[in-house]
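For reference, the structure discussed in these notes is given below.
What you are looking at is a predicted structure, and each value in this text was computed from that prediction instead of being measured. Along the sequence shown, the residues carry numbers beginning at 1.
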Amino acid sequence: VQLQASGGGLVQAGGSLRLSCAASGRTFSFYAMSWFRQAPGKEREFVAVMSSGGGSTSYADSVKGRFTISRDSAKNTVYLQMNSLRPEDTAVYYCAAASFTSRAAQNYYYWGQGTLVTVSS
């Protein structure tokens, strides 16, 4: 699976962005899809995950209620809708695919190239 993330940019605090991650291959629906992020000088952290069938989701406490993960199997794309953005959300955001639902980065085999989100105060 090849993943291509897009949609990052500069936004003011309180604003919104929607990230997209387009996947190649016919087996997209078999994979759990996640978003992770890495801020400058910090380790990569889990943001959100959606199960392969789309029936379950999980979010980091820091984004719960503000971010929403979704997937469109017809388009082989997973999204991250980010609302009420804060300066501390500034990071490079990565999409990733795994064979089972997990919040741990080491369980993900496939990664997108990352897209930068900058939230100004």
Side-chain angles (χ1 to χ4, degrees):
V1 176
Q2 291 185 325
L3 304 174
Q4 180 74 35
S6 62
L10 174 64
V11 63
Q12 289 187 334
S16 298
L17 280 175
R18 187 177 79 157
L19 305 183
S20 299
C21 176
S24 64
R26 299 180 180 179
T27 59
F28 171 76
S29 61
F30 295 164
Y31 292 96
M33 298 297 298
S34 282
W35 289 94
F36 290 81
R37 67 186 181 186
Q38 188 166 18
K42 295 187 177 181
E43 294 187 353
R44 190 170 297 189
E45 64 173 359
F46 166 79
V47 175
V49 61
M50 175 169 272
S51 62
S52 59
S56 67
T57 58
S58 180
Y59 298 90
D61 288 344
S62 58
V63 306
K64 198 173 295 183
R66 301 187 297 122
F67 290 12
T68 303
I69 188 171
S70 61
R71 63 193 295 164
D72 185 335
S73 293
K75 296 182 179 180
N76 279 8
T77 300
V78 63
Y79 303 98
L80 185 68
Q81 178 67 44
M82 306 185 295
N83 299 328
S84 302
L85 283 161
R86 304 167 180 168
E88 54 264 38
D89 294 318
T90 295
V92 177
Y93 284 72
Y94 298 90
C95 57
S99 59
F100 60 96
T101 305
S102 173
R103 298 163 68 106
Q106 63 262 32
N107 292 325
Y108 284 79
Y109 312 130
Y110 305 105
W111 292 84
Q113 85 287 3
T115 185
L116 176 62
V117 172
T118 303
V119 184
S120 63
S121 58

Can you check side chain to side chain donor-acceptor pair (under 3.5 Å) on Asp72 and Thr77, steps first, answer last?
CA-CA 5 Å; Asp72 185 335; Thr77 300; over 6 Å; no
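- Connection of Val63 to Met50 is established within a shared hydrophobic cluster, with ILVMFWY side chains joined at heavy-atom distances below 4.5 Å, either directly or through further cluster members.
- Contact detail for Ala97 and Leu3: the closest heavy-atom pair is N-CD1, 3.9 Å.
- Shown here are the side chain to side chain contact (heavy atoms under 4.5 Å, CB included) partners of Gln2, two or more places apart in sequence or in another chain: Ser24.
- Residue pairs meeting the disulfide bond (SG atoms under 2.5 Å apart) criterion with at least one member in residues 44-121, sequence neighbours excluded: Cys21-Cys95.
- Here the OG1-NZ distance, from Thr57 to Lys64, works out to 9.5 Å after rounding to the nearest 0.5 Å.
- Applying the disulfide bond (SG atoms under 2.5 Å apart) test to residues at least two apart or on different chains, none of the pairs has a partner in residues 45-93.
- Residues forming a side chain to side chain donor-acceptor pair (under 3.5 Å) with Ser51 (at least two apart in sequence, or on another chain): Ser56.
- Put simply, CD on Gln4 and CG on Asn76 are 14.0 Å apart, with the number rounded to the nearest 0.5 Å.
- Two residues are said to be in side-chain contact when any heavy atoms from C-beta on lie closer than 4.5 Å; Val117 and Met82 meet this criterion.
- Scanning for side chain to side chain donor-acceptor pair (under 3.5 Å) contacts around Arg66 gives Asp89, with sequence neighbours left out.
- With hydrophobic clusters built from ILVMFWY side chains whose heavy atoms lie under 4.5 angstrom apart, Leu19 does not share a cluster with Leu10.
- Under the rule for a side chain to side chain contact (heavy atoms under 4.5 Å, CB included), the partners of Ser62 that lie at least two apart in sequence or sit in another chain are Arg37, Ala60.
- Nearest approach of Ala104 to Ser102, heavy atoms of both residues: N-OG, 3.0 Å.
- The two residues Ala13 and Ser121 make their nearest non-hydrogen contact at CB-CA, 4.4 Å.
- Residue pairs meeting the disulfide bond (SG atoms under 2.5 Å apart) criterion with at least one partner in residues 31-75, sequence neighbours excluded, do not occur; the list is empty.
- With sequence neighbours left out, Gln38 forms a side chain to side chain donor-acceptor pair (under 3.5 Å) with no residue at all.
- For Thr90, the side chain to side chain contact (heavy atoms under 4.5 Å, CB included) partners are Thr118, Val119, not counting sequence neighbours.
- Considering only residues two or more places apart in sequence or on other chains, Ser58 meets the side chain to side chain donor-acceptor pair (under 3.5 Å) condition with Arg103.
- No side-chain heavy atom of Leu85 sits less than 4.5 Å from a side-chain heavy atom of Gln12.
- Heavy atoms only, all atoms of each residue included: Val47 and Tyr93 are closest at CG2-CE2, 4.3 Å.
- One distance of note links CD of Gln113 with OG of Ser6; it measures 8.0 Å at 0.5 Å rounding.
- The local environment of CD in Gln106 is crowded, with over 12 non-hydrogen atoms from other residues, nucleotides or ligands closer than 6.0 Å.
- Side-chain contact between Phe30 and Ser52: absent, with no pair of heavy atoms (C-beta onward) separated by less than 4.5 Å.
- Looking only at side-chain heavy atoms (C-beta outward), Tyr31 and Phe100 stay at 4.5 Å or farther from each other.
- Through side-chain heavy atoms spaced under 4.5 Å, either directly or across other Ile, Leu, Val, Met, Phe, Trp or Tyr residues, Leu116 is tied to Phe36, Phe46, Val49, Val92, Tyr94, Tyr108, Trp111.
- Here Ala48 pairs with Tyr59, Ile69, Leu80 under the side chain to side chain contact (heavy atoms under 4.5 Å, CB included) rule; sequence neighbours left out.
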